[in-house]
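Predicted model, so just to flag it, every value in this text is computed and none were measured.
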Amino acid sequence: MKAVLATCNLNQWSLDFEGNTARIIESIEIAKGRGARYRLGPELEISGYSCEDHFLELDTLQHSWESLACILKGGHTDGILCDIGMPVMHKNVRYNCRVFVLDGEILLIRPKMVLASDGNYREHRWFTAWTHGWTTEPYTLPHEIRELTGKNKVPIGIAAIATGDTLLSAETCEELFVPMSPHIQFGNAGVEIIGNGSGSHHELRKLDTRIALIRNASAKNGGVYLYANQQGCDGGRLYFDGCALIAQNGDILAQGSQFSLKDVEVVTATVDLQAVRSYRGVKASRAVQASQTERLPQIETDFAFSTTSWETAPPASRKIEPHTHIPEEEIAYGPACWLWDYLRRSGAAGYFIPLSGGADSGAVATLVGSMCQLVAKAIREKDTAVTRDVGRWLADNETPDIFSDPCVLANRLLYTSYMGSANSSRETRKRAKLLAEQIGSYHLNINIDGVVNALQSLFTRITHKTPKFKVEGGSYQENQALQNIQARLRMVLSYLFAQMMPWVRNCEGTLLVLGTGNVDEALRGYLTKYDCSSGDINPIGGISKLDLRRFLKWAEDHLDYPALAEIIEAPPTAELEPITETYTQTDEDDMGMTYAELSRFGQLRKMEQCGPVRMFERLVQEWDHLPPREVAEKVKHFFRCYAINRHKMTTLTPSYHAESYSPDDNRFDLRQFLYNTRWTWQFRHIDACVKKLEAEA
């Protein structure tokens with residue numbers, strides 16, 4: 001008994017009901033064209049996952065039903081069971097639901113039982129978990145759906161769809177990740193096919209965990225497990241990374257892409273239900289548990305998935321080895337796809353990057369270069385959606401084929417600028433120019449000394465005092481102020497040129513300024529508020545310095561940007577202070593800690609929830625090459641800097657989320673921004689620990 005089943009990656013956009021509906025319909029038609037009898041879609045695919053407080057608006061619920069009505073009207077669900085994600089209100093309570101539709105009729109509304117409410121997720125703010133167990137109750141359909149289907153009520157709750165040949169049920173995203181996943185009990189209750197419509201975001205090194213859970217979900221109890229996901233930027237900091245999967249009895253049969261510019265990607269496989277029954281039938285211990293399992297309510301239908309004729313049945317899909325990217329590839333492709341979605345959906349004319357010749361701004365430019373390479377590849381492959389989207393950068397009498405060269409595309413939509421001052425070096429100027437040439441960006445070389453001197457003269461004229469740099473005998477306060485003048489002026493100039501450069505080139509629109517600060521510097525507060533690290537969006541704001549350097553090394557070869565070699569070798573420096581024979585400014589000296597140490601501080605603070613004392617206790621063992629007193633001083637220095645600069649997190653440029661220790665105050669890291677920077681109680685405890693360890697040594 002073989003059946004063709006389909007799942008998909010969809011690039012949905014929050015509140016884009018017209019576009020979302022069209023992409024859902026396209027995925028259904030592709031699935032039907034491949035002979036599939038079941039189509040699974042992502043979580044909340046009708047509305048888009050990231051509507052956030054828009055879920056509290058009745059408009060969102062109404063438009064979701066209107067969208068579903070469009071799908072039903074067109075006959076798109078004839079002959080195929082469709083599992084569609086959307087928000088539903090029942091008895092004045094909002095639920096995150098799966099809606100099962102067949103032949104233009106709704107069979108079941110299945111609410112989510114376990115909501116995601118940590119890290120990037122706030123589902124409890126908008127939805128309520130279904131807590132009524134394995135039961136269903138009547139749901140009164142909206143007027144337009146009643147007229148369309150001829151039914152007034154359908155069941156809502158937890159049940160299986162009973163076809164003529166098997167049982168099918170659903171999980172939703174987080175339900176796969178919790179210890180007591182529903183699929184265990186569903187399998188024991190006789191369900192052979194489980195679909196999981198998900199909205200799972202990309203995070204570095206996360207896909208391995210997801211694949212392992214999916215394999216385990218189908219291996220431990222046997223059965224078929226389908227996973228659908230959103231793919232793309234649907235309006236926020238997250239990139240949903242697709243990777244739709246179909247597994248059977250622990251083997252992966254089919255896998256979609258993790259990073260793609262495609263709006264619709266359908267994955268199909270032919271599963272063998274007899275193989276599921278054989279797999280389960282030999283496990284006596286499973287049979288004992290299954291025989292004692294509570295009965296799962298069933299929604300009966302005459303529909304069947306499989307064909308019993310071996311002559312007409314398609315061959316069963318063979319197992320494959322799932323593909324995962326190394327972290328360097330994840331950085332190259334995830335933010336690049338996110339940048340493309342943001343650019344095409346924002347309507348901006350392109351991107352502007354203040355290119356310093358250092359690793360961070362070089363990484364941002366490289367990511368836009370990677371985006372251009374992906375777009376150029378899609379054009380060469382005749383992708384209709386990408387070809388349509390690049391049309392607004394075409395001049396008269398040009399065809400999209402001109403952008404099959406990524407450097408030509410980069411010259412139209414990427415603007416870079418080196419903004420040098422008296423403190424800048426020839427080396428960084430040269431590195432910036434060479435990288436811009438290799439990517440193909442429209443590059444500007446600007447000297448900002450004139451505007452810097454104008455501000456300093458203004459201050460002196462008003463106060464009759466002239467601040468000096470540290471190397472000239474100035475105080476810490478003077479030194480910081482003189483550095484910040486340069487940094488903030490670069491931000492002002494970035495926005496001036498971003499707004500005017502399309503006009504200079506006789507083009508419409510304005511450019512989006514890209515931020516260039518990494519996650520570690522944000523965590524430490526090693527940035528000037530509203531300086532050139534500020535921007536409209538930041539593709540590296542959630543990526544560590546260590547990962548960025550590894551990415552640049554990879555990109556040097558795989559993206560063919562040899563200019564990155566010198567950037568990688570150069571020590572990170574802000575170049576905001578005068579260079580003398582005895583002094584060269586470097587980032588790690590300024591911060592008072594290495595990037596490797598800073599990355600570990602971030603992991604312990606966020607991922608392992610360590611306060612000052614617990615962090616010291618962990619690091620004094622991990623860093624046993626250092627004496628306890630030195631470890632204590634490093635921990636104290638980090639927490640002082642973290643506390644002093646925490647207010648900066650409220651103004652961080654919205655960043656692509658990649659690292660699980662992101663300090664993004666607005667969404668991911670909900671901690672206060674006004675601290676007692678002395679940490680008196682905590683530091684006193686650390687001092688006592690140090691004395692005890694020194695006495696025992």
- Message: Within the 3.5 Å criterion, strictly below it, is a donor on Ser198 or Tyr227 matched to an acceptor on the partner's side chain?
- Response: yes
- Looking only at side chains, do Arg505 and Tyr442 share a donor and an acceptor under 3.5 Å apart? no
- Message: Is a donor from one side chain sitting under 3.5 angstrom from an acceptor on the other, for Glu203 and His657?
- Response: yes
Check residues 358-373 and write down every donor-acceptor pair under 3.5 Å in which the side-chain atom is one partner and the other belongs to a residue at least two apart or another chain.
{"unit_1": "Asp360", "atom_1": "OD1", "unit_2": "Asn518", "atom_2": "ND2", "d": "3.3"}
{"unit_1": "Asp360", "atom_1": "OD1", "unit_2": "Lys545", "atom_2": "NZ", "d": "3.2"}
{"unit_1": "Asp360", "atom_1": "OD2", "unit_2": "Asn518", "atom_2": "ND2", "d": "2.9"}
{"unit_1": "Asp360", "atom_1": "OD2", "unit_2": "Lys545", "atom_2": "NZ", "d": "3.3"}
{"unit_1": "Ser361", "atom_1": "OG", "unit_2": "Ser356", "atom_2": "N", "d": "3.0"}
{"unit_1": "Ser361", "atom_1": "OG", "unit_2": "Ser356", "atom_2": "OG", "d": "3.0"}
{"unit_1": "Thr366", "atom_1": "OG1", "unit_2": "Gly362", "atom_2": "O", "d": "2.7"}
{"unit_1": "Ser370", "atom_1": "OG", "unit_2": "Ala332", "atom_2": "O", "d": "2.8"}
{"unit_1": "Gln373", "atom_1": "NE2", "unit_2": "Leu559", "atom_2": "O", "d": "3.1"}
{"unit_1": "Gln373", "atom_1": "NE2", "unit_2": "Tyr561", "atom_2": "OH", "d": "3.0"}

- Message: Do Arg605 and Arg671 make a side-chain contact, defined as non-hydrogen atoms from C-beta onward lying under 4.5 Å apart?
- Response: yes
- Message: Between Arg380 and Asp405 (salt bridge meaning N to carboxylate O under 4.0 Å), is one present in this structure?
- Response: no
- Message: For Val513, is there any backbone N or O sitting under 3.5 Å from a side-chain donor or acceptor partner on Asp536?
- Response: yes
- Message: Counting only heavy atoms from other residues, nucleotides and ligands, does the tally under 6.0 Å from CD of Glu328 exceed 12?
- Response: yes
- Anything under 30° is parallel, anything over 60° is perpendicular, the rest tilted; go ahead and classify Trp338 against Tyr342. tilted
- Query: Residues two or more places apart in sequence or in another chain: which of them pass side chain to side chain donor-acceptor pair (under 3.5 Å) with Asp664?
  - Reply: Arg237
- When you check the side-chain N and O atoms of Thr428 and Glu575, is any donor under 3.5 Å from an acceptor? yes
- For Gln609, look at atom CD and say whether over 12 heavy atoms of other residues, nucleotides or ligands are found less than 6.0 Å away. yes
- Item | Any side-chain donor near an acceptor of the partner, Thr528 and Gln483, under 3.5 Å | no
- Message: Does anything in residues 647-658 form a salt bridge (Lys or Arg N to Asp or Glu O under 4.0 Å)? List the pairs, not counting sequence neighbours.
- Response: none
- Query: Is a side-chain N or O of Glu659 found less than 3.5 angstrom from the main chain of Val519, in a donor-acceptor match?
  - Reply: no
- Rounded to the nearest 0.5 Å, how far does CG of Asn11 lie from CH2 of Trp340? 12.0 Å
- Any sub-3.5 Å donor-acceptor pair from Asn9's side-chain atoms to Gln230's backbone N or O? no
- Message: Contact between Glu330 and Gln258 at the side-chain level, heavy atoms closer than 4.5 Å - yes or no?
- Response: yes
- Message: Given Asp241, which partner from the list His202, His325, Arg210 fulfils the side chain to side chain donor-acceptor pair (under 3.5 Å) test?
- Response: Arg210
- Task: State, with a plain yes or no, whether a side-chain heavy atom of Phe601 is found less than 4.5 Å away from one of Lys634.
- Result: yes
- Would one find more than 12 heavy atoms of other residues, nucleotides or ligands at under 6.0 Å from atom NZ of Lys636? yes
- Message: Hydrogens and angles aside, do Tyr661 and Asp520 bring a side-chain donor and acceptor to less than 3.5 Å of each other?
- Response: yes
- Presence of salt bridge, Asp383 and Lys262, under 4.0 angstrom: yes
- Counting distance only, does the side-chain N/O of Arg412 pair as donor-acceptor with the main-chain N or O of Gly350 below 3.5 Å? no
- Item | Thr573 backbone acceptor or donor facing Gln585 side chain under 3.5 Å | no
- Message: Looking at Glu566 and Lys430, is any side-chain nitrogen of the basic one under 4.0 Å from a carboxylate oxygen of the acidic one?
- Response: yes
- How many angstroms lie between CD in Glu521 and CE in Met591, if you round to the nearest 0.5 Å? 6.0 Å
- Out of curiosity, Arg488 CZ to Lys529 NZ, how far, rounded to the nearest 0.5 Å? 9.0 Å
- Message: Please check: side-chain N/O of Ser424 versus main-chain N/O of Ser421, any donor-acceptor pairing under 3.5 Å?
- Response: yes
- Message: If we count only N and O atoms by modelled type, under 3.5 Å, do the side chains of Glu123 and Tyr49 hold a donor and an acceptor together?
- Response: yes
- Task: Could you grab the distance from atom CG of Leu238 to atom OG of Ser200, nearest 0.5 Å is fine?
- Result: 9.5 Å
- Atom pair CE (Met501) and OG1 (Thr510), whose distance is rounded to the nearest 0.5 Å: 13.0 Å
- Does Lys553 come within less than 4.0 Å of Glu556, counting only side-chain N to carboxylate O? yes
- Would you mind reporting whether Asn229 and Pro42 have side-chain heavy atoms less than 4.5 Å apart? no
- Under 3.5 Å, side chain of Asn645 to main-chain N/O of Cys641, donor-acceptor pair present? yes
- Item | Test item: side-chain donor near acceptor, Tyr595 and Asp587, under 3.5 Å | yes
- Is any side-chain heavy atom of Leu261 less than 4.5 Å from a side-chain heavy atom of Asp389? no
- Message: To the closest 0.5 Å, what do you measure between CG (Leu207) and SG (Cys243)?
- Response: 4.5 Å
- Item | Heavy-atom side-chain proximity of Arg490 to Asp531 below 4.5 angstrom | no
- Indicate whether any N or O donor in one side chain lies under 3.5 Å from an N or O acceptor in the other, for Ser441 and Tyr351. no
- Item | Glu622 and Arg600: CA distance, side-chain angles, deciding distance, salt bridge (charged side-chain N to carboxylate O under 4.0 Å, His left out) verdict | CA-CA 10 Å; Glu622 289 183 23; Arg600 189 62 183 134; 2.7 Å; yes
- Using a strict cut-off of less than 4.0 Å between a Lys/Arg side-chain nitrogen and an Asp/Glu carboxylate oxygen, indicate whether Arg345 and Asp16 qualify as a salt bridge. no
- Message: Quick one about Asp234 and Ser14 (side-chain donor to acceptor, distance below 3.5 Å, no hydrogens or angles considered), yes or no?
- Response: yes
- Item | Short side-chain donor-acceptor distance under 3.5 Å, Arg429 and Asn445 | yes
- Tell me yes or no: between the side chains of Asp401 and Ser404, is some donor less than 3.5 Å from an acceptor? no
- Message: Measuring only between side-chain heavy atoms, which start at C-beta, is Arg614 closer than 4.5 Å to Glu608?
- Response: no
- Message: I'd like to know if the side chain of Glu43 reaches the main chain of Gly199, judged simply by a donor and an acceptor atom lying under 3.5 Å from each other, with no hydrogens or angles considered.
- Response: yes
- Query: Would you say Lys433 has more than 12 foreign heavy atoms packed within less than 6.0 Å of its NZ?
  - Reply: no
